[in-house]
Amino acid sequence: SGVTCAFAECPGGEVPRAVYKRACIRSLADALAVCRRIGYPIMLKASWGGGGKGIRRVLNDDDVRLGFPQVQGEVPGSPVFAMKLAPASRHLEVQLLADAHGQVVSLFSRDCSVQRRHQKIVEEGPVTAAPPAVLEGMERCARALARSVGYVGAATVEYLYAVESGEWCFLEVNTRLQVEHPVTEGIAGVNIPAAQLLIASGVPLHRIPDLRRLWRADPEGDAPIDFEDTGARAPPAGHVVAVRITAENAAAGFKPTAGRVDEVAFKSTPDVWGYFSVRGGGAVHEFSDSQFGHLFARGP
């Protein structure tokens, strides 16, 4: 909405405070005015939110009067943004690794569209909901974004993809390892936490064996690799679906529940594995997130 900023012109890499304030909503009156200007439906979102917290869909002024204080209360002190709601869209994302030497690699894509209460519940990869040209564009722009800010480490660039029009737009960057990273590991054959440690030790991407294998190069070699040439990259090794196991009452709007867990029985295999944060005789208590397990399954 007319708020622009060139990263190259930001002192110390920080957006000028005056520009930042123009992009944020500070009061209920401001929220109402902004939402009316953009046009309903709107998503109100706290910048510091996550895991489904600090985000509300609003369809009219009354929803704003109810939702804006809730967003502020769930993430105290966070800047709040109002964004046009994107209906009939998919939540797609690109996994990145970037080193301290200016190299950036993208490791295919993930589809995280199946959600409840604005939190991911099913993830899969690679993406099948968008054509290859769109996915190539998303990966290319994600790499350029990381390179433009000198990013180092693992990151995920998230997009919204409008199924009907084919348009896609930037959503956010997660500047960390995400819990669904094994989806990418299963299709790319790259151990992402191990790569993070190597990057932090100063190792360039083209010296990491997993990445060299993915680009069909000698794993023990040290010749430079053009990671922009995704055509040289091996295709995804099958398909991976991940599901989050939660303690919730689906009949009550997926309301979180608490209680004792008498037994957890699961044995991982090479193609189906998982982990749980509780064990038999333990409990899911009311102060924790309702998710207590994650399963990953890989197939052709």
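Just so you know, these numbers use all the heavy atoms, side chains as well, and skip hydrogens, waters and symmetry mates.
A distance of 8.0 Å separates CD in Glu124 from OG in Ser113, rounded to the nearest 0.5 Å. Atom-to-atom distance recorded for Gln291:CD and Ile121:CD1 is 7.0 Å, nearest 0.5 angstrom. In this structure, NE2 on His294 lies 11.0 Å from OG1 on Thr246, to the nearest 0.5 angstrom. Residue Arg140 holds its CZ atom at 13.5 Å from CG of Leu145, rounded to the nearest 0.5 Å. In this structure, the separation between CZ on Phe81 and NZ on Lys45 is 9.5 Å, given to the nearest 0.5 Å. We find the CG-CZ distance between Asp63 and Arg56 to be 11.0 Å, quoted to the nearest 0.5 Å.
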Query raised in the report: Could you go step by step and tell me if Ile42 and Leu85 meet the side-chain contact (heavy atoms from CB on, under 4.5 Å) rule?
Result: CA-CA 5 Å; Ile42 294 284; Leu85 179 70; 5.9 Å; no
Requested in this report: Could you go through the side-chain contact (heavy atoms from CB on, under 4.5 Å) check for His239 and Thr128 one step at a time?
Outcome: CA-CA 10 Å; His239 199 85; Thr128 60; 4.0 Å; yes
Requested in this report: Show the numbers, then the answer: is there a side-chain contact (heavy atoms from CB on, under 4.5 Å) between Ile192 and Leu97?
Outcome: CA-CA 8 Å; Ile192 298 175; Leu97 287 172; 4.1 Å; yes
Requested in this report: Assess whether side-chain contact (heavy atoms from CB on, under 4.5 Å) is satisfied between Thr156 and Arg110, documenting all intermediate values.
Outcome: CA-CA 10 Å; Thr156 296; Arg110 298 188 293 258; 3.1 Å; yes
Query raised in the report: Given Thr184 and Gln95, is the side-chain hydrogen bond (donor to acceptor under 3.5 Å, both in side chains) satisfied, shown in steps?
Result: CA-CA 7 Å; Thr184 295; Gln95 176 70 58; 4.6 Å; no
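No side-chain heavy atom of Val58 sits less than 4.5 Å from a side-chain heavy atom of Phe68. Inter-residue side-chain proximity for Val152 and Ile199 is flagged as met; some heavy-atom pair is nearer than 4.5 Å. Put simply, the side chain of Gln119 reaches to within 4.5 Å of the side chain of Asp289, judged on heavy atoms. No side-chain heavy atom of Val173 sits less than 4.5 Å from a side-chain heavy atom of Tyr151. A 4.5 Å side-chain heavy-atom check between Lys21 and Arg26 finds at least one atom pair inside the cut-off. Leu214 places none of its side-chain heavy atoms less than 4.5 Å from the side chain of Phe227. For the pair Leu211 and Leu107, the minimum side-chain heavy-atom distance is below 4.5 Å. Put simply, the side chain of Val105 reaches to within 4.5 Å of the side chain of Trp215, judged on heavy atoms.
No side-chain donor-acceptor contact under 3.5 Å links Asn174 to the backbone of Leu177. Counting only distance, with no hydrogens or angles, the side chain of Arg212 and the backbone of His206 share a donor-acceptor pair below 3.5 Å. Under the 3.5 Å distance criterion, the side-chain polar atoms of Ser78 are left unmatched by any main-chain donor or acceptor of Val75. Looking only at distances, no side-chain donor or acceptor of Ser106 sits under 3.5 Å from a matching main-chain atom of Leu96. The closest donor-acceptor contact from the side chain of Thr230 to the backbone of Arg233 lies at 3.5 Å or more, if one exists at all. Using modelled atom types, no side-chain atom of Tyr159 and backbone atom of Val94 make a donor-acceptor pair closer than 3.5 Å. His101 contributes a side-chain N or O that, together with a main-chain N or O of Gly202, makes up a donor-acceptor pair within less than 3.5 Å. Side chain of Arg213 to main chain of Val190: no donor-acceptor pair is present (N/O by atom type, distance under 3.5 Å, no hydrogens or angles). Remark: side-chain polar atoms of Ser290 are not paired, donor with acceptor, to backbone N or O of Pro256 under 3.5 angstrom. With hydrogens and angles disregarded, no donor-acceptor distance shorter than 3.5 Å links the side chain of Arg90 to the backbone of Val163.
Cluster annotation: Val80 and Trp48 are assigned to distinct hydrophobic clusters (Ile/Leu/Val/Met/Phe/Trp/Tyr, side-chain heavy-atom contacts under 4.5 Å, transitive). If you chain together hydrophobic residues whose side chains sit under 4.5 Å apart, Phe170 and Leu160 never meet in one group. Connection of Val264 to Ile245 is established within a shared hydrophobic cluster, with ILVMFWY side chains joined at heavy-atom distances below 4.5 Å, either directly or through further cluster members. With hydrophobic clusters built from ILVMFWY side chains whose heavy atoms lie under 4.5 angstrom apart, Trp273 shares a cluster with Val179. Both Val240 and Phe108 are members of a single hydrophobic cluster when ILVMFWY side chains are connected at heavy-atom separations under 4.5 Å.
For the residue pair Cys112 and Glu180, the shortest heavy atom distance occurs at SG-OE2, 3.9 Å. Heavy-atom minimum distance, Val284 versus Ala247: CG1-CB, 4.2 Å. Of all heavy-atom pairs between Ile187 and Ser109, the closest is CD1-O, 4.2 Å. Residue Ala82 comes nearest to Val34 through the heavy atom pair CB-CG1, 3.9 Å, listed as atom of the first residue, atom of the second, then distance. Ala258 and Glu286 make their closest contact through CB-N, 3.9 Å (heavy atoms, listed as atom of the first residue, atom of the second, distance). What you find for Val183 and Ala242 is that their closest heavy atoms are CG2-CB, 3.7 Å.
Heavy atoms from other residues, nucleotides or ligands lying under 6.0 Å from CD of Gln115 number more than 12. For Lys84, the NZ atom counts as densely surrounded, since its 6.0 Å shell holds more than 12 non-hydrogen atoms of other residues, nucleotides or ligands. No more than 12 heavy atoms of other residues, nucleotides or ligands lie within 6.0 Å of CD in Glu14, so this atom counts as exposed by the packing criterion. The number of heavy-atom neighbours closer than 6.0 Å to CZ of Arg279, taken from other residues, nucleotides and ligands shown, is 12 or below. Within a 6.0 Å sphere centred on CZ of Arg57, heavy atoms belonging to other residues, nucleotides or ligands number 12 at most.
The aromatic rings of Phe276 and Phe292 are tilted relative to each other, their planes meeting at an angle between 30° and 60°.
When ring centroids are compared, Tyr161 and Trp168 stay outside the 6.0 Å threshold.
With salt bridges taken as basic N to acidic carboxylate O contacts below 4.0 Å, one links Arg244 and Glu123.
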